[in-house]
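Report on the following structure.
Each ligand, and each atom within it, is numbered from 1 in the order the structure gives. Computed from a prediction, not measured in an experiment: that's the story for all the values here. Note that these values count all heavy atoms, side chains included, but never hydrogens, waters or copies made by symmetry.
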Amino acid sequence: MGKQQRYSCTACGATHSKWSGRCEACGAWNAIVEEAPLSAGPASKGLGGARGARVALSDLASAEAPPPRTVSGLAEFDRVLGGGLVDGSAILVGGDPGIGKSTLLLQAAAKLAQAGLPTVYVSGEEAAAQIRMRARRLGLGAAPVRLAAETNLRDILTTLDAERPRLAIIDSIQTMWLDTVESAPGSVAQVRAAAHELTTFAKRRGISVIMVGHVTKDGQIAGPRVVEHMVDTVLYFEGERGHQFRILRAVKNRFGPADEIGVFEMTGDGLTEVANPSALFLSGRETPTPGSVVFAGIEGTRPVLCEIQALVAPTPHAQPRRSAVGLDGGRLAMILAVLEARCGVPFTGLDVYLNVAGGLRVTEPAADLAVAAALLSAREDTELPLDTVVFGEISLSGAVRPVGQTETRLKEARKLGFARAILPEGSKTGASDGEPVQAIPDLPTLAGDIFGAG
Ligand code: TYD
Ligand code: MG
C-alpha cells in the first residue's frame, strides 16, 4: 500500500483525503492541514493471520455500584460534574483563552487536594513560580497541590506513574507533545495522540485527568472539539470577557446530566460561586421597560430566570440588521418569520437586536414565547408588568406549545417575587389556583390581546 496523504480539520478533527479551503464536516474555513499518518503499525497492513487474546464478556444484568466520587466543596463545580469528581474519569474543560480556565482549575485542584485527594497540576503554559503566585493571590498558597511546568507527555506520564496522585490537571492539551508523533505541538495529530494517551492512562490507573483545551481561532492549532469524543465529560467555560459572570456548562457527561450549568463571578480574588443565578441575571430591573421580558428557563436540573431584551428601530441600511447575543440567530429569524406570517406584524425596514442579559446563553425552545414577547413589546413600545414571567415553545403554524417542568419554572418565579405568568394553554400548572396566569393558545393571541398588535 502506498503512502497516503491525510488532511485533517483543526476545528472538528474530521479527516479528508485532499486539501480544501473549507471543511465539509463543520464548515470552518482555512482549518484543514496536512498531517503525517498516526502510525504505520500492523493495523495498516491488516491483521493477517495473527490470533488475538480472548476478551472477557459479562452480562447486561450484573449489579454495578455507582462510581465513587470526590466532592470538592466548590458546589457549582461539583454540580456540573454530576455530583463530584468520578475516580478515573477523563474530563475536558474548553473555553476561550483568558476566560479563566486555569483560575477555575487551580481553585478546584486546591479544594480537592484539601479534601484529601492527592493532586498534581501540570502547566505547559506558565512557570511554576507564576502558578504559585496566583495561588497565593487566591489565598490557596497552603493547599497541598503538587506542581510541575512541563510539556513532554512521556516525562509527565512517567512522573504520574511514580507519584500516583488521584487527580492530574493538564493545562493545556495544546502545549503537550509526544515524541512518537512527528507533527508539532498543537497540531491535530499531537493533540489527539496526547489526549488519547492521557485518557487511557486515566482508565488504566484509576487517576482522574482534567485537560484544559483552548478554543482556537487560528486554524493551525487544534481546538478542543478534536478530543471531545474521547473523554467522559466535556465542560465549557463561557462568558463575555468584559462581563464578570462565567458559566461552566456540561455539554457531555457519561456520569451525570448534560446541560447542567455552574455559575461563577470573576473577582479580584478569583472565581466566587453564584448560588442564586436568577437573582443575579435579573439584577438592575427597577422600572418596566419596553423590550424587556423575563424568561423562566431550565438550565440542566435547575430553574434559571433571565431577562431577554429586544430593541427594534427603523434601519438606515438597505438590509436591516438582525443581531442576537445569547440566543441562536436562526431561532430569532424563525420567530420573526412567524410573527410576520401568522400575526401580521412585519419587521421589514426595522433593525432587530436581541440580547440575553448577564452573558447567559439560552438554548431552550421554551424561550420562544419570551423572545416573541420581547420583540412585540419593543416594536409596540408596550411594556409588560415587572412581575411577569413568560415561557412556551412556538411552532411554525403560530401555535404555542406547552413545555416541560412548568411547575418548577413557576415555583422559582414565585420565590423571586413574580406574581404573573404568560404560558401555553394546556400547561400543567399544578396548584396555582388564583394566580394570575395567562394561558394562551397561539401567537396571534399574544400579539393581539397583550400587545395590541397585528
Ligand atoms: P486564566 O485563568 O489565566 O484564563 P485561561 O486559563 O482561560 O486562559 O484567567 C485569565 C483572566 O482572569 C486574566 O485576564 C485575569 C483574570 N483574573 C481575575 O480577574 N481575577 C483573578 O483572581 C485571577 C487569578 C485572574
Ligand atoms: Mg490558562
Heavy-atom gap Gly98 to ligand 1 smaller than 4.0 Å: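 Judged by the 4.0 Å heavy-atom criterion, Gly98 does count as contacting ligand 1.
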
Whether Arg137 lies under 4.0 Å from ligand 1, heavy atom: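 Arg137 counts as a contact of ligand 1 under the 4.0 Å cut-off.
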
Salt bridge present between [X] and [Y] (N-O < 4.0 angstrom):
X: Glu197; Y: Arg154; value: no
X: Arg249; Y: Glu299; value: yes
X: Arg302; Y: Glu76; value: yes
X: Arg205; Y: Asp161; value: yes

How far is [atom] from its nearest protein heavy atom, and which residue and atom is that?
atom: atom 25 (C) of ligand 1; answer: Thr103 OG1, 3.9 Å
atom: atom 6 (O) of ligand 1; answer: Ser102 OG, 2.7 Å
atom: atom 22 (O) of ligand 1; answer: Gly270 N, 2.7 Å
atom: atom 4 (O) of ligand 1; answer: Gly100 N, 3.1 Å
atom: atom 3 (O) of ligand 1; answer: Arg134 NH2, 3.2 Å

Residue pair Ser72 / Asp78, side-chain donor-acceptor N/O under 3.5 Å: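 Ser72 vs Asp78: donor-acceptor pair found between side chains.
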
Distance-only polar pair, side chains of His214 and Lys101, donor-acceptor under 3.5 Å: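 Yes, side-chain donor-acceptor contact under 3.5 Å.
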
What I want to know is whether [X] and ligand 1 share at least one N or O pair that is separated by under 3.5 angstrom.
X: Pro97; value: no
X: Thr267; value: yes
X: Leu138; value: no

NZ or CZ of Arg379 within 45° of Phe347 ring axis and under 6.0 Å: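 Positive - Arg379 is close enough to the ring of Phe347 and near enough to its axis.
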
Pi-cation contact, Phe391 with Arg409 (under 6.0 Å, within 45°):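 Geometry flag: set, cation within 6.0 Å and 45°.
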
Non-hydrogen atoms of Asp351 and Pro316 that approach each other most closely: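 Scanning both residues completely, I find the closest heavy atoms to be OD2-CD, 3.8 Å.
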
For ligand 1, the portion of Asp269 having any non-hydrogen atom under 4.0 Å away: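 The part of Asp269 near ligand 1 is the backbone, not the side chain.
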
Contact partition for Met266 relative to ligand 1, non-hydrogen atoms under 4.0 Å: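 Looking at Met266 and ligand 1, just side chain atoms fall under 4.0 Å.
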
N, O or S atom of Thr103 closer to the Mg ion (ligand 2) than 2.8 Å: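 Coordinating: no.
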
4.0 Å protein heavy-atom contact status of atom 13 (C) of ligand 1, strictly under: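 There is no protein heavy atom less than 4.0 Å from atom 13 (C) of ligand 1.
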
